[in-house]
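Let me begin by presenting the structure, written as structure tokens, before commenting on it.
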Number of protein chains: 2
Amino acid sequence: MTRSTSGHYSRTAAQSPAGGHHTLAETESAVSERLANLELDMGSMAAVQNVYRAANAFRNHLESTVLAPHELTWTGWVVLWVVWIWGDIETRHAATEAGISKGTLTGVVGTLEGRGFLTRRTHPDDARRVLLALTAKGKRLMSQVFPEFNREEARLMSALSTDEVATLTQGLRKAVASLDD
Amino acid sequence: MTRSTSGHYSRTAAQSPAGGHHTLAETESAVSERLANLELDMGSMAAVQNVYRAANAFRNHLESTVLAPHELTWTGWVVLWVVWIWGDIETRHAATEAGISKGTLTGVVGTLEGRGFLTRRTHPDDARRVLLALTAKGKRLMSQVFPEFNREEARLMSALSTDEVATLTQGLRKAVASLDD
DNA sequence: CGCTGACCGTTTGGACCCGAACGATTTGGG
DNA sequence: CCCAAATCGTTCGGGTCCAAACGGTCAGCG
């Protein structure tokens with residue numbers, strides 16, 4: 001699975017054919033023409049578009065270069081990573097850490113369980129709860145893949161200086177934090 | 001549809017229950033412990049996580065506050081926006097502009113067509129191609145929703161100064177551009 | 001002890017996401 | 001004129017994503 005990217009808002013985009021892809025400058029121009037009467041916050045529009053575009057680019061790149069060869073999807077990886085970091089973990093907590101809904105977690109865990117990477121078992125004290133743990137196979141996979149994954153993360157950010165990366169992270173945290181208020 | 005967020009890599013996350021969500025600092029600590037022997041690029045890891053987290057937060061916020069009340073999903077909105085900006089457009093170009101695969105575009109267009117927002121017709125010169133256009137209903141919808149959408153985009157970025165927003169956008173463009181090379 | 005409300009994970013229905021394969025159409029060369 | 005290669009959008013199979021509803025379990029109150 002290879003996700004691609006160049007779209008403004010969505011997750012992926014095919015390689016741009018001739019005449020098929022407009023630059024952001026062209027896009028902003030077209031928007032200004034269409035809505036000449038309105039006051040637009042072009043700065044925020046560009047920021048939101050670029051955040052989404054970058055997220056897709058990163059996910060696509062990491063999936064195609066590191067994860068897909070190991071039969072992993074982005075979200076499968078995230079869930080494995082959460083269980084790996086925190087050890088035996090309840091599904092409701094894993095969903096929160098992984099940033100997905102409980103229903104989605106059930107499905108993703110089913111996929112990972114089917115591939116032999118982790119197991120689920122009923123909580124000893126509370127039959128409502130389910131505990132997740134990595135299998136031996138899952139642990140070997142994480143030890144092998146995480147360094148590769150982090151190297152590619154470093155490559156993704158290599159065009160920016162250390163200060164620029166830190167500033168980027170800070171700005172994003174600030175924007176997200178203001179949503180949680 | 002209300003997507004939520006606090007996850008590190010994934011698109012959404014439920015509101016964090018007690019003990020269910022660890023801070024990024026706690027997460028980085030746990031990762032350092034687990035991989036004490038390896039050299040990790042924590043700065044890049046944090047950046048990638050925060051980009052993805054912010055993208056999810058923005059998508060979820062804009063879907064729940066602006067789009068869902070109009071029976072729109074994030075990607076449905078993106079496709080309508082692309083057709084609105086560029087007028088009659090071929091499906092392959094719309095997919096590229098919207099940043100989704102051709103197969104996904106077929107499905108999304110089916111949904112939007114079913115809701116009466118746009119139409120498809122065969123290209124007059126080439127029967128392989130399909131042209132998309134907004135209906136009158138779709139045009140009214142865009143004129144109504146876009147200002148709301150842009151206002152919410154502005155709110156999303158309101159915790160940052162104009163310069164910080166511009167710096168953020170620049171850094172993201174830089175990282176993504178280095179991928180396209 | 002029994003009942004009610006809350007919590008948990010799963011299921012349901014609908015939407016999206018991809019790459020690969022397919023059938024229809026077009027193009028260009030022999 | 002015919003055929004092979006390329007292009008297009010759709011279909012297929014599998015994965016993900018959500019909210020809401022459901023059945024099972026637990027906690028606490030009367």
Side-chain angles (χ1 to χ4, degrees), chain A residues 1-5 7 9-15 17-18 20 55-56 59-60 63-64 67-68 71-79 90-96 98-115 120-132, chain B residues 1-5 7 9-14 17-18 20 56 59-60 63-64 67-68 71-79 90-96 98-115 120-132:
Chain A
M1 180 201 277
T2 305
R3 296 173 199 277
S4 49
T5 174
Y9 283 117
S10 290
R11 209 162 80 199
T12 66
Q15 209 71 348
N56 282 342
R59 173 176 175 154
N60 297 336
E63 272 190 332
S64 64
L67 300 177
E71 260 197 279
L72 290 171
T73 63
W74 175 270
T75 306
W77 164 257
V78 168
V79 171
E90 298 180 18
T91 46
R92 58 181 176 151
H93 293 149
T96 302
I100 58 181
S101 74
K102 298 185 298 173
T104 300
L105 187 87
T106 297
V108 173
V109 162
T111 299
L112 294 172
E113 198 177 20
R115 289 176 183 161
R120 48 170 27 120
R121 71 177 193 280
T122 304
H123 196 286
D125 297 335
D126 189 335
R128 290 175 295 181
R129 302 183 193 184
V130 167
L131 285 164
L132 300 174
Chain B
M1 177 200 276
T2 303
R3 296 175 199 275
S4 50
T5 174
Y9 283 115
S10 291
R11 210 161 80 198
T12 68
N56 283 341
R59 174 175 174 154
N60 298 335
E63 273 190 332
S64 63
L67 300 177
E71 262 197 277
L72 290 170
T73 62
W74 174 271
T75 306
W77 163 256
V78 168
V79 170
E90 298 180 19
T91 47
R92 58 184 176 150
H93 294 151
T96 302
I100 56 181
S101 73
K102 298 184 298 172
T104 301
L105 186 87
T106 298
V108 173
V109 162
T111 298
L112 295 172
E113 198 178 21
R115 290 176 183 162
R120 43 160 46 109
R121 72 179 192 277
T122 304
H123 196 286
D125 299 333
D126 188 336
R128 290 173 297 178
R129 304 183 192 184
V130 168
L131 285 164
L132 300 174

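Per chain, numbering begins at 1; letters A, B, ... match sequence-line order.
With sequence neighbours left out, A:R129 forms a salt bridge (charged side-chain N to carboxylate O under 4.0 Å, His left out) with A:E90, A:D126. With sequence neighbours excluded, the residues forming a side-chain hydrogen bond (donor to acceptor under 3.5 Å, both in side chains) with B:T104 are B:S101, listed by chain and number. B:T106 is linked by a side-chain hydrogen bond (donor to acceptor under 3.5 Å, both in side chains) to nothing, counting only residues two or more places apart in sequence or in another chain.
Per the geometry, NE2 belonging to B:H123 stands 16 Å off P belonging to D:dT7, to the nearest Å. Distance CH2 (A:W77) to C1' (D:dT16): 18 Å, rounded to an integer number of Å. For A:R121 and C:dC8, the CZ to P distance is 18 Å, given to the nearest whole Å. If you measure from atom CG of A:L72 to atom P of C:dC17, you get 21 Å, rounded to the nearest angstrom. At whole-Å resolution of the value, CG in A:L67 and P in D:dG15 are 15 Å apart. Between A:E71 atom CD and D:dT16 atom P the separation is 11 Å, expressed in whole Å. With rounding to whole Å, A:N60 atom CG is found 14 Å from C:dC16 atom C1'. When rounded to the nearest whole Å, the span between NE2 of A:H93 and C1' of C:dC8 equals 11 Å.
Remark: side-chain polar atoms of A:R59 are not paired, donor with acceptor, to backbone N or O of A:W74 under 3.5 angstrom.
Taken from CZ in B:R128 to OG1 in B:T122, the straight-line distance is 13.0 Å, to the nearest 0.5 Å. Of the inter-residue distances, the one linking A:R92 atom CZ with A:K102 atom NZ reads 9.5 Å to the nearest 0.5 angstrom. Between atom CZ of residue B:R120 and atom CG of residue B:L132 there is a gap of 7.0 Å, rounded to the nearest 0.5 Å.
In this structure, B:R129 and A:V108 both approach DNA chain D, and ranking their closest nucleotides by distance from the 5' end singles out B:R129.
Distances were taken from every side-chain heavy atom of B:T111 (C-beta onward) to each of C:dC16, D:dG15, C:dC7; the shortest belongs to C:dC16.
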(request) Any chance you could lay out the side-chain contact (heavy atoms from CB on, under 4.5 Å) test for A:T73 and A:E63, step after step, and finish with the verdict? (result) CA-CA 6 Å; A:T73 63; A:E63 272 190 332; 4.0 Å; yes

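Dashed line: the shortest gap from a side-chain N or O of B:T75 to OP1 or OP2 of C:dC17 is under 4.0 Å. For D:dT16, the OP1/OP2 oxygens have a side-chain nitrogen or oxygen of A:T73 closer than 4.0 Å.
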Check nucleotides 24-28 of chain D against the protein and report each pair of N or O atoms closer than 3.5 Å, with its distance, or say if there are none.
unit_1 : atom_1 : unit_2 : atom_2 : d
D:dC26 : OP1    : A:A127 : N      : 3.2
D:dC26 : O4'    : A:R128 : NE     : 3.4

Can you give me the N/O atom pairs linking the protein to nucleotides 10-12 of chain C at distances under 3.5 Å, or say none if there are none?
unit_1 : atom_1 : unit_2 : atom_2 : d
C:dT10 : OP1    : A:R120 : NE     : 3.2
C:dT10 : OP1    : A:R120 : NH2    : 2.8
C:dT10 : OP2    : A:T106 : OG1    : 2.6
C:dT10 : OP2    : A:R120 : NH2    : 3.4

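For the pairing with B:T75, the side chain to side chain contact (heavy atoms under 4.5 Å, CB included) check across B:L112, B:L105, B:T111, B:I100 returns one residue only, B:I100.
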